[in-house]
Amino acid sequence: MSDKHDFPKTTVKQVVLAVLGGLIAPLLVIVMLVIMVMGIQENHLPDDPQKPNAAVDANIAPVATVEVAAVEEGPHVDKPGEQVVTAVCSACHAAGALGAPKIGDSGAWAPRISQGYETLVQHAIKGIRSMPARGGNPDLTDGEIANAVAYMANKSGASFKAK
Ligand code: HEC
């Protein structure tokens with residue numbers, strides 16, 4: 001047995017290769033990592049920095065938006081009698097509900113017509129007995145009520161001229 005161990009001789013060439021391998025291998029890994037990270041970033045960045053990313057826009061968009069309806073402008077124009085009667089008055093005056101004088105029933109309207117147009121309009125605006133003020137629709141203007149009274153009464157024997 002010899003005290004001397006028999007190590008293989010390390011040549012200069014082997015040392016150089018070992019050093020190079022030890023340096024180049026981690027360097028390659030770092031370069032690959034950098035390329036990967038840059039690739040991921042490219043996929044997520046918008047092409048044009050000025051153009052907002054649609055996906056981001058959708059994510060940060062408010063849950064709901066309120067659109068305020070345009071306020072009706074210009075002077076109010078009274079609806080014609082026929083329109084008011086069809087929409088409001090005919091609810092009672094078409095069939096004679098609650099004892100309302102029926103449209104076209106000259107007999108029922110004659111004593112009322114004899115009171116005069118102005119009185120009928122005032123009764124329709126303020127209400128009389130079972131007849132509700134403005135036919136129950138406070139949005140109707142005096143002019144619209146007057147139009148409706150003339151329309152109904154004229155269908156029932158009168159010849160009023162709407163105000
Ligand atoms: C809820 C039912 C009802 C509606 C809606 C209604 N009326 Fe009447 N109206 C009556 C009744 C009931 C009378 C009879 C009242 C009475 O003389 O006792 C009447 C009577 C009248 C008279 C006669 C008043 C008088 O002096 O004799 C006029 C005019 C009239 N209504 C106009 C209208 C007009 C215009 C509308 C629509 C804007 C309308 N009414 C909507 C129930 C209604």
Side-chain angles (χ1 to χ4, degrees), residues 24-163:
I24 288 173
L27 207 77
L28 274 177
V29 171
I30 289 170
V31 168
M32 276 164 62
L33 278 174
V34 168
I35 290 172
M36 262 176 59
V37 169
M38 276 168 64
I40 291 169
Q41 276 182 344
E42 253 167 47
N43 285 346
H44 282 261
L45 284 175
D47 302 338
D48 179 1
Q50 300 289 2
K51 194 169 67 187
N53 190 321
V56 172
D57 270 3
N59 284 339
I60 63 172
V63 177
T65 56
V66 175
E67 279 173 31
V68 179
V71 178
E72 206 181 308
E73 279 176 38
H76 173 86
V77 179
D78 281 347
K79 293 180 197 69
E82 183 175 4
Q83 202 179 318
V84 176
V85 169
T86 306
V88 181
C89 320
S90 61
C92 296
H93 285 272
L98 305 172
K102 267 167 80 166
I103 299 167
D105 184 345
S106 309
W109 274 97
R112 301 178 188 273
I113 289 167
S114 65
Q115 299 176 101
Y117 182 45
E118 291 297 325
T119 306
L120 288 181
V121 170
Q122 283 311 306
H123 288 170
I125 288 171
K126 295 193 178 114
I128 182 169
R129 296 175 287 266
S130 318
M131 160 72 202
R134 296 183 196 273
N137 186 340
D139 290 340
L140 292 176
T141 64
D142 289 2
E144 285 166 338
I145 296 290
N147 289 347
V149 170
Y151 178 82
M152 279 203 293
N154 290 352
K155 288 248 166 195
S156 322
S159 48
F160 295 142
K161 223 180 146 309
K163 279 202 270 195

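By convention here, the first residue in the shown sequence is residue 1. We count ligands from 1, going down the list as the structure has it; atoms in each ligand are counted the same way. None of these values were measured; they are calculated from a predicted model.
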Query - Note, Q122 side chain near Y117 side chain (heavy atom, < 4.5 Å) - result: no
Requested in this report: Please tell me if the side chains of D105 and S156 come closer than 4.5 Å, counting only heavy atoms from C-beta onward.
Outcome: no
Requested in this report: For atom 28 (C) of ligand 1, grab the closest protein heavy atom and report residue, atom and distance to one decimal in Å.
Outcome: W109 CH2, 4.0 Å
Requested in this report: Give a yes or no on whether H93 keeps an N, O or S atom under 2.8 Å from atom 8 (Fe) of ligand 1.
Outcome: yes
**Report entry** Heavy atoms of other groups near Q115 CD, more than 12 under 6.0 Å
**Finding:** yes
Query raised in the report: Nearest protein heavy-atom contact for atom 26 (O) of ligand 1: which residue, which atom, what distance?
Result: H123 ND1, 2.4 Å
Requested in this report: Side-chain contact test, heavy atoms from C-beta onward, threshold under 4.5 Å: evaluate it for Y151 versus V84 and give yes or no.
Outcome: no
Report summary line: Looking only at protein heavy atoms, what sits closest to atom 14 (C) of ligand 1 is P101 CD, 3.8 Å
Requested in this report: Enumerate the atoms of ligand 1 whose separation from the nearest heavy atom of V88 is less than 4.0 angstrom.
Outcome: 5 (C)
Report summary line: CG (N147) and CE (M152) are apart, to the nearest 0.5 Å, by 11.5 Å
Query raised in the report: Given G135, A133, P111, which one has a non-hydrogen atom that is nearest to atom 5 (C) of ligand 1?
Result: G135
Query - Value rounded to 0.5 Å, distance of CH2 in W109 from CG in N154 - result: 10.0 Å
Query raised in the report: What is the nearest protein non-hydrogen atom to atom 17 (O) of ligand 1, stated with its residue, atom name and distance?
Result: R112 NH1, 2.7 Å
Report task. To the nearest 0.5 Å, tell me how far K102 NZ sits from H93 NE2. Result -> 12.5 Å
Requested in this report: Could you list the atoms of ligand 1 found under 4.0 angstrom from a heavy atom of A124?
Outcome: 32 (C)
Query - Under 4.0 Å to a heavy atom of I145 - the qualifying atoms of ligand 1, by number - result: 38 (C)
Requested in this report: Among all protein heavy atoms, pick the one closest to atom 39 (C) of ligand 1 and tell me residue, atom and distance.
Outcome: M131 CE, 3.2 Å
Query raised in the report: Nearest non-hydrogen atom to atom 18 (O) of ligand 1 belongs to which of R134, Q122, K126, R129?
Result: R129
Requested in this report: Measure the distance from atom 32 (C) of ligand 1 to every protein heavy atom, then report the residue, atom name and distance (to 0.1 Å) of the closest one.
Outcome: M152 CE, 3.5 Å
Query raised in the report: Starting from atom 29 (C) of ligand 1, which protein heavy atom do you reach first, and at what distance in Å?
Result: L120 O, 3.8 Å
Query - For C89, the ligand 1 atoms whose distance to one of its heavy atoms is below 4.0 Å - result: 34 (C), 35 (C), 36 (C), 37 (C), 38 (C), 39 (C), 41 (C)
Query raised in the report: Where's the contact between L140 and ligand 1, heavy-atom distance under 4.0 Å: side chain, backbone, both or neither?
Result: side chain
Report summary line: For A91 and A97, the nearest pair of non-hydrogen atoms, with its separation, is O-CB, 4.3 Å
Query raised in the report: Nearest heavy-atom pair of F160 and G116: which atoms, and what distance?
Result: CZ-C, 4.2 Å
Requested in this report: Could you note down all residue pairs passing salt bridge (charged side-chain N to carboxylate O under 4.0 Å, His left out) where residues 107-127 supplies at least one of them, sequence neighbours left out?
Outcome: E118-K163
**Report entry** Interfacing atoms of ligand 1 (cut-off 4.0 Å, heavy-atom, C92)
**Finding:** 1 (C), 2 (C), 3 (C), 4 (C), 5 (C), 42 (C), 43 (C)
Requested in this report: Mark the output for G136 as yes if a heavy-atom distance to ligand 1 is under 4.0 Å, and as no if none is.
Outcome: no
Query raised in the report: Against heavy atoms of L98, which atoms of ligand 1 measure under 4.0 Å?
Result: 1 (C), 2 (C), 12 (C)
**Report entry** Rounded distance (nearest 0.5 Å) linking atom CD of E144 with atom CG of D139
**Finding:** 9.0 Å
Query raised in the report: For ligand 1, which atoms, with element, lie under 4.0 Å from some heavy atom of Q115?
Result: 25 (C), 26 (O), 27 (O)
Query raised in the report: Does ligand 1 have an atom that lies less than 4.0 angstrom from a heavy atom of E144?
Result: no
Query raised in the report: Excluding sequence neighbours, so at least two apart, what forms side chain to side chain donor-acceptor pair (under 3.5 Å) with D142?
Result: R134
Query raised in the report: Measuring from I145:CD1 to C89:SG, what's the distance to the nearest 0.5 Å?
Result: 6.0 Å
Query raised in the report: atom 15 (C) of ligand 1: which protein heavy atom is closest, and how many Å away?
Result: I128 O, 3.7 Å
Report task. With rounding to the nearest 0.5 Å, note down the distance linking CE in M38 to CG in L33. Result -> 13.0 Å
Requested in this report: Output the list of atoms in ligand 1 that are nearer than 4.0 Å to some heavy atom of A148, sorted by atom number.
Outcome: 35 (C)
Query raised in the report: So which bit of A153 gets within less than 4.0 Å of ligand 1, heavy atoms only: side chain, backbone, both or neither?
Result: neither
